[in-house]
Chemist: 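Sharing a structure here in structure tokens format.
Chain letters run A, B, ... following the sequence lines, proteins first, then strands; residues in each count from 1. All values reported here derive from a predicted model rather than from experimental measurement.
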There are 2 protein chains.
Amino acid sequence: MWVRDNNDMPGHLARRFQQIAVAVFHAEAEAAGYDLTPVQYAALAAISANPGIDQVTLAGLIAYDRTTITGVVDRLAQKGLIERQASSRDRRARELTITPEGSKTLEGITPAVEAAQQSMVRGLTAEETDDLMRLLRKAIAAGNELSRAPLRGMPMENDRKTS
Amino acid sequence: MWVRDNNDMPGHLARRFQQIAVAVFHAEAEAAGYDLTPVQYAALAAISANPGIDQVTLAGLIAYDRTTITGVVDRLAQKGLIERQASSRDRRARELTITPEGSKTLEGITPAVEAAQQSMVRGLTAEETDDLMRLLRKAIAAGNELSRAPLRGMPMENDRKTS
DNA sequence: CAACGCTTGACAGTATACTGATAATCAGCA
DNA sequence: TGCTGATTATCAGTATACTGTCAAGCGTTG
């Protein structure tokens, strides 16, 4: 029976590339003296850029599942990097804000994150890296709605007030 | 503080693309009436192509961690798709073989797997898909040793005997 | 042969991801 | 106002992945 070789399967290559990306991130972060996962870093950065954001909106910004974000936020809060407090406007929602220590961590780990992004494409030229990112963005855009955790932009401020 | 946009981060794009790839696989497999994960499929196919393979070699063939493969093999065996029996030559090793039902499943699910591979790059032309796979292969080759579960080829038969 | 290092498989513990369900709450509408 | 449907956060359960550790078995070497 004929089967496509693993190396011709986009799915296998996707898994493999992600596997390496995570390993590289961990290595760089640890070398810099930080104990943050790639997932936690993305969440922390998004909270820093959007103070008071609720969990569902945060999940949409970085394309996490809403059940996954619960654990990620838990761990960030436990490390003292963020704070979670009930919203006054909507008692269901928790407003997330970064703490001073969170800001310090975010700033300190940024060079390591940058190094990781470059390390995971070490085999490619700058031009090839641009091509790869362009193709990935295009494929992802076409498949965005296929996963349970699609990427969502920030809702317009006007929408919140008006609607 | 400046931070790279998510869409410029290879790591974020890698995670996102893999997320979509897994979702597409599940959707196609379920639509075809099968309950196999992408990881289980790859393991089953590799066992089918290499009867009597041990778990460590199998893990190397598909780039899984050796602790991850334990659970995958457990679930495949529990579903009756493979068999695990002690090796006569090396009592540490378990020889893995596919069962008739496993072969039937593998054959039956193949069209769905093929459909999934095409669906996850639905936004790209055939040429772009080739480019994407080429770039991924190149990046992966350069980073292969960076993860705990690098890809390993089958050991040469001669090596086993001679060594 | 006996001691050593290495390999194979497995386990505990942690961290994503997802499915499906639920309580609490909100918002629109009869 | 009271009902209904949607939304927010959470939980239970399953499946990757990885860290670190361990017992059993293998092979080489002194």
Chemist: Just call it for A23(B): base, sugar-phosphate, or nothing, with non-hydrogen atoms closer than 4.0 Å on any strand.
Modeler: nothing
Chemist: Choosing from dT16(D), dA17(C), dA9(D), which nucleotide comes nearest the side chain of V39(A)?
Modeler: dA17(C)
Chemist: Please determine if a side-chain N or O atom of Q40(A) lies less than 4.0 Å away from the OP1 or OP2 oxygen of dT16(C).
Modeler: yes
Chemist: Does R94(A) or R15(A) map to a spot on DNA chain D nearer the 5' end, using the closest nucleotide for each?
Modeler: R94(A)
Chemist: Using the test side chain to side chain contact (heavy atoms under 4.5 Å, CB included), find all partners of R91(B) that sit at least two apart in sequence or belong to another chain.
Modeler: none
Chemist: Return the 5'-most residue of the pair Q19(B), D35(A) with respect to DNA chain C, ranking by each residue's nearest nucleotide.
Modeler: D35(A)
Chemist: Less than 4.0 Å between a side-chain N and a carboxylate O, is that true for E83(B) and R94(B)?
Modeler: no
Chemist: Hey, which sits more toward the 5' end of DNA chain C by its nearest nucleotide, I20(B) or S88(A)?
Modeler: I20(B)
Chemist: I want to verify a distance call: between dC26(D), dT16(C), dT7(D), whose nearest atom is closest to the D90(B) side chain?
Modeler: dC26(D)
Chemist: Distance criterion of 3.5 Å, no angle test: do you see the side chain of R92(A) paired donor-to-acceptor with the base of dT25(C)?
Modeler: yes
Chemist: Going by heavy atoms closer than 4.0 Å, what residues in residues 59-78 of chain B are next to DNA chain C?
Modeler: T67(B), T70(B)
Chemist: Are L136(A) and L124(B) linked, directly or through intermediate hydrophobic residues, by side-chain heavy-atom contacts shorter than 4.5 Å (ILVMFWY only)?
Modeler: yes
Chemist: What is the distance, to the nearest angstrom, from the CZ atom on F25(B) to the P atom on dC18(C)?
Modeler: 16 Å
